[in-house]
Novice: 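Let me begin by handing over the structure; questions about it come next.
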Amino acid sequence: DIETNVAGKHVLLIDDVIDTARTITKVLDIFKDRGASSIELCCLLDKPEGRVVQYDAKYIGKTIPNEFVIDGFATIYQNILSGTESVCYG
């Protein structure tokens, strides 16, 4: 959760990967409920084939297939990928 009051503010959310969109739509709902004037989403990787909930980010770094992704900047997989300096999929 955040401590900043977002009521009346314009919010830009930045996410690493959007696949099912379940999590990000819940987060967007929280910001809407807290009165944000506008909410936009920027993502590094977008996997639209994996959508369970319909949502399209406004700013997308790259659209990729619905495959396993190693995003070393944010993801730790079994404590072995922390600090990876690349993004891989396939």
Novice: Return the CG to SG distance between L13 and C43, rounded to the nearest 0.5 Å.
Specialist: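 With rounding to 0.5 Å, CG (L13) is 11.5 Å from SG (C43).
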Novice: Between L41 and D15, does the side chain to side chain contact (heavy atoms under 4.5 Å, CB included) criterion hold? Intermediate values first, please.
Specialist: CA-CA 8 Å; L41 179 62; D15 199 357; 4.2 Å; yes
Novice: Rounded to the nearest 0.5 Å, what separates atom OG1 in T63 from atom CG in D46?
Specialist: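 If we round to the nearest 0.5 Å, T63:OG1 and D46:CG are 4.5 Å apart.
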Novice: Same cluster or not: V17 versus I60, using hydrophobic residues (I, L, V, M, F, W, Y) connected whenever any side-chain heavy atoms lie under 4.5 Å apart?
Specialist: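 No, V17 does not connect to I60 through the hydrophobic network.
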Novice: Does a donor on one side chain and an acceptor on the other come within less than 3.5 Å for S38 and H10?
Specialist: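 Yes, H10 and S38 have a side-chain donor paired with an acceptor closer than 3.5 Å.
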Novice: Please check: side-chain N/O of R51 versus main-chain N/O of Y55, any donor-acceptor pairing under 3.5 Å?
Specialist: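 Yes, R51 side chain to Y55 backbone: donor-acceptor pair under 3.5 Å.
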Novice: Under a 3.5 Å distance rule, please check whether K47 uses its side chain to pair with a backbone N or O of E67 as donor and acceptor.
Specialist: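 Yes: the side chain of K47 pairs with the backbone of E67.
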Novice: As an exercise, state the distance from CD1 of I18 to CD1 of I24, rounded to the nearest 0.5 Å.
Specialist: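 So the CD1 of I18 and the CD1 of I24 are separated by 6.0 Å.
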Novice: With the 4.5 Å side-chain cut-off for hydrophobic clustering, are I39 and V6 part of the same group?
Specialist: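 Per the 4.5 Å side-chain linkage, I39 and V6 are co-clustered.
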Novice: Would you name the heavy atoms of N66 and G50 that are closest together and state the gap between them?
Specialist: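 That would be ND2-CA, 3.5 Å.
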Novice: Could you tell me whether a side-chain N or O of K9 sits under 3.5 Å from a main-chain N or O of N5, the two making a donor and an acceptor?
Specialist: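 Yes: the side chain of K9 pairs with the backbone of N5.
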Novice: Starting at CG of L12, measure out to CD of E40 and round the result to the nearest 0.5 Å.
Specialist: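 Result: 7.5 Å between the selected atoms.
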Novice: Would one find more than 12 heavy atoms of other residues, nucleotides or ligands at under 6.0 Å from atom CZ of R22?
Specialist: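 No, because the 6.0 Å sphere around CZ of R22 holds 12 heavy atoms or fewer from other groups.
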Novice: Is there a path of hydrophobic side-chain contacts, each under 4.5 Å between heavy atoms of I/L/V/M/F/W/Y residues, joining L28 to I2?
Specialist: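 Same cluster: I2 reaches L28 through Ile, Leu, Val, Met, Phe, Trp or Tyr contacts under 4.5 Å.
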